[in-house]
Trainee: 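One structure is given below, represented as structure tokens, and several questions about it will come after.
Bear in mind the structure is a predicted one, so any value in this text is a computation, not a measurement. One-based numbering along the sequence shown.
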Amino acid sequence: MACLVAAIVILCSLTHVRSDASNHRYKEGDDVPLYANKVGPFHNPSETYRYFDLPFCSPAHMQEKKEALGEVLNGDRLVVAPYKLEFLKDKESEIVCKKKLKQEEVSQFRAAVSKDYYFQMYYDDLPLWGLLGKFDKEGKDDPSELKYYLFKHLHFDILYNKDFVIEIIVKSDPDALLDLTEDKEVDVEFTYSVKWKDTEIPFEKRMEKYSQISSLPHHLEIHWFSIINSCVTVLLLTGFLATILMRVLKNDFVKYTHDEEAADDQEETGWKYIHGDVFRYPKYKSLFAAALGSGTQLFTLAIFIFLLALVGVFYPYNRGALFTALVVIYALTSGIAGYTAASFYCQLEGQNWVRNLLLTGSLFCGPLFLTFCFLNTVAIAYSSTAALPFGTIVVIFLILTLVTSPLLVLGGIAGKNSKAEFQAPCRTAKFPREIPSLPWYRKTFPQMAMAGFLPFSAIYIELYYIFASVWGHRIYTIYSILFIVFIILLIVTAFITVSLTYFQLAAEDHEWWWRSFLCGGSTGLFIYGYCLYYYHARSDMSGFMQTSFFFGYMACICYGFFLMLGVVGFRASLFFVRHIYRSIKCE
């Protein structure tokens with residue numbers, strides 16, 4: 001309940017930022033600041049630098065805009081640019097500055113142009129982009145013979161409606177070029193022009209053009225094809241499994257309950273044979289309970305993020321809203337992890353619940369923290385804006401210390417005192433039965449491969465658009481379709497795990513607890529495998545920093561999916577196993 005209230009507070013605060021921060025009225029001649037944000041290689045979205053790390057015309061006094069937590073996490077570092085864009089004032093060839101570029105500055109610009117550097121700015125919270133320059137091959141194959149040019153003139157087209165700024169577009173003048181090919185000092189004059197145009201687009205709809213990019217007909221057709229493909233997969237799978245399981249289980253129930261006296265005269269076989277072992281507690285139960293707690297927390301986090309997305313909080317270029325929501329909601333849901341882990345651990349007759357809580361708190365945060373430390377060190381070495389400032393690290397540490405940890409402990413205490421008992425329809429035998437020798441395809445890893453492939457096949461088409469949005473410059477706003485795909489993923493994961501659990505029990509293998517969790521979570525491994533394919537075949541990312549960021553943070557995300565879907569697989573299997581053993585008489 002507290003998490004629900006917190007999510008509503010976050011929703012209100014984020015939508016409040018949306019209405020107040022952007023709803024600016026201006027009068028003719030008002031100075032509307034243009035903020036320069038960052039520059040970086042176009043194909044390496046994580047490798048970004050401060051705009052004035054390059055030797056542009058810099059203002060006499062740097063005025064930095066105060067950033068929220070999510071904006072800093074997003075790598076935004078806004079500084080007032082030296083371009084004067086007064087409201088409703090047209091300009092022609094206005095001079096920004098004249099300067100002599102030193103030899104090393106020319107080399108710096110040339111290196112940026114060769115890597116397709118782009119710049120990003122914000123004007124009245126509207127984003128705009130442009131390339132720094134271009135290189136001309138002129139039919140020459142030798143890279144040393146390429147000619148490099150820097151754009152010296154920027155033209156701003158700004159649309160307005162009465163007192164509001166509606167849209168801004170920046171264009172580079174292809175005729176105003178500075179030759180950067182040779183390493184020598186050169187004089188340059190940076191200029192710009194501004195043209196204001198009236199429009200009928202209301203202020204409330206000025207962000208729609210960004211949302212509509214991902215809703216174009218050819219994009220929607222692919223998204224709907226993805227959903228139809230997933231639905232067909234679900235229908236075929238559920239229909240097939242339901243038919244098989246119902247028929248097999250019906251025969252099993254008839255055989256096991258037909259005649260008790262006849263049953264005494266013949267040896268039991270199949271899943272009833274192991275009724276005295278099927279509810280035997282798993283090995284490493286503290287780790288198992290911690291995995292359930294962490295996975296349940298991540299599942300709750302995903303649901304809240306989807307709810308906020310569906311009500312329109314994460315509109316395009318609401319800078320940092322997603323990162324803020326992730327940090328705050330994760331902190332507030334830590335009590336769910338503590339309660340789930342401690343409650344289940346006590347049900348499994350565990351004694352050291354304090355150690356279990358420590359394991360729960362570090363199971364996901366531990367690998368994430370180590371990954372962050374390494375990648376932040378890399379970003380610092382590159383002087384990238386992806387490196388978090390010390391103050392932001394302190395804020396996150398305080399959130400973990402003052403919010404996450406206390407809620408985790410409170411949830412753990414509540415779970416320990418819940419006094420819930422594990423509901424097992426059958427009594428557990430004193431000594432475990434020996435598991436018969438099984439063929440290779442019934443071992444853990446082949447079963448995980450089978451379990452992960454079907455859920456992955458239901459989502460792989462949508463994965464491309466998500467990757468292109470997170471690790472590229474594509475805009476993704478069709479959250480309703482993404483939510484449908486997420487529900488399909490959960491359904492397929494539950495069904496395939498239940499089926500594999502049944503076949504495991506039918507083979508008289510009673511160690512299904514960890515197997516169901518691993519099979520459910522194996523889709524996360526397939527997603528990480530897709531990362532390798534996407535990096536090499538579908539993207540142009542390169543360089544140590546971008547590569548380490550991509551594979552490092554995707555490893556954490558896929559690990560989170562592994563824990564979350566593992567919980568779904570285990571909970572579905574536990575429900576199924578309890579149901580079938582309640583339906584027979586266990587001696």
Trainee: Taking the side chain as everything from C-beta on, heavy atoms only, tell me whether F562 gets closer than 4.5 Å to Y528.
Mentor: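 A side-chain contact under 4.5 Å is absent here.
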Trainee: Can a cation-pi geometry be assigned to R538 and F467, taking NZ or CZ under 6.0 Å from the six-membered ring centre and within 45° of the ring axis?
Mentor: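 Ring-cation test returns no.
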Trainee: Please tell me if the side chains of L326 and I305 come closer than 4.5 Å, counting only heavy atoms from C-beta onward.
Mentor: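 In contact.
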Trainee: Crowded around Y49 OH? As in, over 12 foreign heavy atoms under 6.0 Å?
Mentor: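 It does: Y49 OH has more than 12 such atoms within range.
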Trainee: Indicate the ring-plane relationship of Y581 and F279, choosing parallel, tilted or perpendicular according to the 30° and 60° boundaries.
Mentor: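 Perpendicular, since the angle between the ring planes exceeds 60°.
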Trainee: Does a side-chain heavy-atom distance below 4.5 Å link I396 with L388?
Mentor: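 Yes, their side chains come closer than 4.5 Å.
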Trainee: Heavy-atom distance under 4.5 Å between the side chains of F369 and C373, does that happen here?
Mentor: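 Of all side-chain heavy-atom pairs linking C373 with F369, at least one is under 4.5 Å.
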Trainee: Can you list the steps and then say if Y530 with Y460 is a ring pair (Phe, Tyr, Trp, His ring centres under 6.0 Å)?
Mentor: CA-CA 8 Å; Y530 180 82; Y460 80 97; 7.7 Å; no
Trainee: Within the 3.5 Å criterion, strictly below it, is a donor on T444 or R515 matched to an acceptor on the partner's side chain?
Mentor: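 Yes, side-chain donor-acceptor contact under 3.5 Å.
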Trainee: Have Q546 and N44 got a donor and an acceptor in their side chains that come within less than 3.5 Å?
Mentor: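 On atom types as modelled, these side chains do not qualify, holding no pair under 3.5 Å.
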Trainee: Checking the side chain of T324 only, and the main-chain atoms of G70 only, is there a donor and an acceptor separated by less than 3.5 Å?
Mentor: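 Flag set: sc T324 to bb G70 pair under 3.5 Å.
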Trainee: Can you confirm if the NZ or CZ of R474 lies within 45° of the ring axis of Y465 and under 6.0 Å from the centre of its six-membered ring?
Mentor: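 No, R474 does not lie over the aromatic ring of Y465.
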Trainee: Is there a donor-acceptor contact under 3.5 Å linking the side chains of Q297 and Y339?
Mentor: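 Not at all, the side chains of Q297 and Y339 share no donor-acceptor pair under 3.5 Å.
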Trainee: Determine whether W513 and F422 satisfy the following criterion, ring pair (Phe, Tyr, Trp, His ring centres under 6.0 Å), listing intermediate values before the conclusion.
Mentor: CA-CA 14 Å; W513 298 68; F422 185 78; 5.4 Å; yes
Trainee: So, are R442 and D509 salt-bridged, with charged N and O less than 4.0 Å apart?
Mentor: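 Looking at R442 and D509, the cut-off is not met.
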Trainee: Would you please say whether a donor-acceptor pair under 3.5 Å links the side chains of T385 and T48?
Mentor: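 Yes.
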Trainee: What class does the angle between the rings of F575 and H579 fall in, given that below 30° is parallel, 30 to 60° is tilted and above 60° is perpendicular?
Mentor: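 Correct class here is parallel.
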Trainee: Measure the acute angle between the ring planes of Y502 and F576, then classify it against the limits of 30° and 60° as parallel, tilted or perpendicular.
Mentor: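 Taking F576 first and then Y502, their aromatic rings stand perpendicular (interplane angle over 60°).
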Trainee: Hey, are T501 and S573 close enough side-chain-wise for a donor-acceptor pair under 3.5 Å?
Mentor: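 Yes, T501 and S573 have a side-chain donor paired with an acceptor closer than 3.5 Å.
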Trainee: Indicate the ring-plane relationship of Y382 and F544, choosing parallel, tilted or perpendicular according to the 30° and 60° boundaries.
Mentor: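 Rings of Y382 and F544: parallel, under 30°.
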Trainee: So does Y284 have more than 12 non-hydrogen atoms from other groups sitting under 6.0 Å from OH?
Mentor: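 Not buried by this count: 12 neighbours or fewer within 6.0 Å.
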